[in-house]
Amino acid sequence: MDRRADTNGIRTRYTLVGKADAPVVMLSHGLAADLTMWEPQWDVLARSFSVLSYDIRGHGGSSGPPGDYSLALLAQDAVALLDHLGIGKAHYVGLSLGGMIGQQLGAWHGERLASLTLCATTSDAPKAAWDARVREVREVGVAPLAEATVDRWVTPAFKRDQPELMAKMRAMVLGTSLDGYAGSAAAIRDMELAAVLNRIAVPTLVVAGEEDMSTPLPVLEQIARAIPDAQLLTVANAAHMPTLERPDLCNPALERFLLACSRQQ
Ligand SMILES: O=C(O)CC1=CCC(=O)O1
């Protein structure tokens with residue numbers, strides 16, 4: 001069931017499934033996606049955790065004002081939602097933009113994290129390319145970018161074999177507001193995360209799609225090397241959305257990691 005919270009100057013859509021009073025897993029999606037991209041994880045994680053999924057500002061059902069966002073602001077949104085729900089610490093799982101927010105949280109709000117999972121993400125973006133993306137979206141809107149966006153998310157084989165899921169993905173992109181897309185792309189453009197990865201002191205799992213062209217495997221390997229004691233999971237036959245494309249490989253590893261971290265708490 002969709003819920004809403006008024007926090008940090010926006011209205012955030014979120015869902016909670018799973019075991020009340022169990023450790024919380026917070027799921028944060030990628031650019032132009034929404035909380036429903038985590039559907040393939042919900043049942044598995046709900047067996048042992050309270051699963052909090054939310055829409056980043058300007059995405060899905062969350063409001064988002066015009067203007068450039070920053071990763072600091074998007075991390076504040078996540079912390080404000082935890083505060084609103086009375087959650088002291090969460091296992092945070094973020095993909096792509098959600099993983100950038102996760103790195104920001106790990107470096108600056110580590111006391112709120114029980115663990116950190118960073119999927120298909122980066123700590124350093126080519127500024128000119130992302131500046132061009134910000135301008136393009138503000139000029140033409142989100143819809144003309146939709147097909148190229150979903151093409152980056154999955155492998156060609158998945159696109160061919162899963163027409164219904166592809167339709168859902170296109171709908172997620174089209175559900176992203178122009179302000180949410182452009183504001184978040186500006187946050188990606190302006191990110192400065194590489195230098196702060198060594199501040200992350202919570203147990204960390206890094207997940208890479210072997211065929212990801214947006215955030216390729218060497219980028220994730222570098223993140224895993226820079227974060228003390230981080231583990232790396234490489235997912236075969238997956239592009240930029242390994243959790244959606246290969247839940248059969250991601251879910252057992254994610255569940256194992258989160259349960260082990262919970263036992264250490
Ligand atoms: O749209 C893309 O290029 C893929 C992507 C990069 C960061 C993110 O959140 O999505």
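Please read all numbers here as calculations on a predicted model, not as lab measurements. For ligands, and for the atoms within them, numbers begin at 1 and follow the listed sequence.
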Inset, instruction - Return yes if some donor-acceptor pair links the side-chain N/O of Ser62 with the main-chain N/O of Gly58 below 3.5 Å, else return no. - result: no

Inset, instruction - Ignoring hydrogens and angles, state whether a donor on the side chain of Tyr92 or Ser28 is under 3.5 Å from an acceptor on the partner side chain. - result: yes

Inset, instruction - Give a yes or no answer on whether the side chain of His29 reaches the backbone of Ile56 with a donor-acceptor pair at less than 3.5 Å. - result: yes

Inset, instruction - Provide, to 0.1 Å, the distance between atom 9 (O) of ligand 1 and the closest protein heavy atom, together with that atom's residue and name. - result: Ser96 OG, 2.5 Å

Under 3.5 Å donor-acceptor pairs involving side-chain atoms of residues 189-201, not counting sequence neighbours:
from: Arg189; atom 1: NH1; to: Asp131; atom 2: OD1; distance (Å): 2.8
from: Arg189; atom 1: NH2; to: Asp68; atom 2: OD2; distance (Å): 3.0
from: Arg199; atom 1: NE; to: Ala107; atom 2: O; distance (Å): 2.8
from: Arg199; atom 1: NH2; to: Ala107; atom 2: O; distance (Å): 3.0

Legend entry - Protein contact to atom 3 (O) of ligand 1 [nearest heavy atom, distance to 0.1 Å]: Arg133 NH2, 2.7 Å

Inset, instruction - Return yes or no for this condition: an N or O of Arg152 is under 3.5 Å from an N or O of ligand 1. - result: yes

Inset, instruction - For the pair Gln231 (side chain) and Thr204 (backbone), establish whether a donor and an acceptor sit closer than 3.5 Å, ignoring hydrogens and angles. - result: no

Legend entry - side-chain hydrogen bond (donor to acceptor under 3.5 Å, both in side chains) between Glu245 and Asn237, intermediate numbers included: CA-CA 8 Å; Glu245 189 160 11; Asn237 300 318; over 6 Å; no

Inset, instruction - Find all atoms of ligand 1 within a distance of less than 4.0 Å from any non-hydrogen atom belonging to Met100, and give their numbers and elements. - result: 7 (C)

Inset, instruction - Report, in ascending order of atom number, the atoms of ligand 1 lying under 4.0 Å from any heavy atom of Leu97. - result: 8 (C), 9 (O)

Legend entry - Gly30 N/O under 3.5 Å from ligand 1 N/O: no

Legend entry - Ile188, any N or O under 3.5 Å of ligand 1 N or O: no

